[in-house]
Amino acid sequence: MNTMVFKIKSTSPETTQHIAQAFIKLLPQGSVVLLEGNLGSGKTTFTKGIGAGLNIKRAIKSPTYTVIKEYSLETGGLLVHVDAYRLEEGGEETVDLLYYLTDQNYLFIEWSQFLEDSLPNDYLKVRFTPQESFNERLIEFESHGDQYDEVLRQLQEVLADE
């Protein structure tokens, strides 16, 4: 399977959220997105932008202690935010990802390496790398599945037009 990669720099949390809002408008329901990066790299900030783009009124917070947070969508389905950090020592079997893998839900997973056996073959990976400037991040989108190649092509066009 070929992968497509799109990289963009963010200079602030607001820019990161803006990129997320543009991204979610192109992402079909039923998508699985893996969020990668160290603690404090921008994963939850990005997910807050996703929530804003989906018109979710509740505050988006990291589900570090609960592992999974669900947010209802106006269109039906859920934004499912998973933080598998606490599963580093095991417990993958306690998280029923299959339950959330429907064509109505958006599934965003932080620390997905702790859920590897449960992940689908097709997904989109978003990697956050802090840069020298305090608020600057390199955001790297990587498709794993043909349907995500088109999402990244469109995202590149939308963000280039701004």
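By convention here, the first residue in the shown sequence is residue 1. No hydrogens, no waters, no symmetry mates; every other heavy atom, side chains included, goes into these values.
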Are [Y] and [X] connected in a single hydrophobic cluster, I mean Ile/Leu/Val/Met/Phe/Trp/Tyr linked by side-chain heavy atoms less than 4.5 Å apart?
X	Y	answer
Val82	Leu119	yes
Tyr123	Phe6	no
Ile60	Leu27	yes
Phe134	Phe128	no
Val126	Met4	yes

Quick check: closest heavy atoms across [X] and [Y], and the distance to 0.1 Å?
X	Y	answer
Ser10	Ile139	CB-CD1, 3.9 Å
Leu34	Ser112	CD1-OG, 3.6 Å
Ser143	Leu124	CA-CG, 4.4 Å
Ala22	Val158	CB-CG1, 4.3 Å
Leu79	Ile56	CD2-CD1, 3.6 Å
Ala20	Ile50	O-CD1, 3.4 Å

Can you list everything that forms a side-chain hydrogen bond (donor to acceptor under 3.5 Å, both in side chains) with [X]? Sequence neighbours excluded, please.
X	result
Thr47	none
Ser31	none
Asn135	none
Gln154	Glu150

One pair to check against side-chain contact (heavy atoms from CB on, under 4.5 Å): Asn121 and His144. What are the steps and the verdict? CA-CA 7 Å; Asn121 293 327; His144 293 265; over 6 Å; no
Working to the nearest 0.5 Å, report the span between CD of Glu157 and CG of Leu26. 9.5 Å
Any side-chain heavy atom of Glu140 within less than 4.5 Å of one from Val5? yes
So Asp122 and Val32, do their side chains get closer than 4.5 Å, heavy atoms only? no
With sequence neighbours excluded, what pairs up with [X] under the ring pair (Phe, Tyr, Trp, His ring centres under 6.0 Å) test?
X	value
Phe23	Phe46, Phe141
Tyr71	none
Phe108	none

Side chain to side chain contact (heavy atoms under 4.5 Å, CB included) against [X], all qualifying residues, sequence neighbours excluded:
X	value
Gln29	Leu73, Thr75, Gln104, Tyr106
Thr45	Pro13, Thr16, Gln17
Asp103	none

Flag for [Y]-[X]: side-chain donor and acceptor within less than 3.5 Å:
X	Y	answer
Glu110	His81	yes
Glu142	Tyr148	no
Asn38	Ser41	no

Show, in sequence, the C-alpha distance, side-chain angles and deciding distance for Ile19 and Leu159, and conclude whether the side-chain contact (heavy atoms from CB on, under 4.5 Å) test is met. CA-CA 8 Å; Ile19 292 167; Leu159 294 176; 4.2 Å; yes
Pairs involving residues 28-54, ordered by first then second residue, that meet salt bridge (charged side-chain N to carboxylate O under 4.0 Å, His left out) (sequence neighbours left out): Glu36-Lys125, Glu36-Arg127
According to the salt bridge (charged side-chain N to carboxylate O under 4.0 Å, His left out) rule, which pairs have a member within residues 3-29, sequence neighbours left out? Lys9-Glu136
Polar side-chain atom of Asn105 near backbone of Tyr100 as donor-acceptor pair, under 3.5 Å: yes
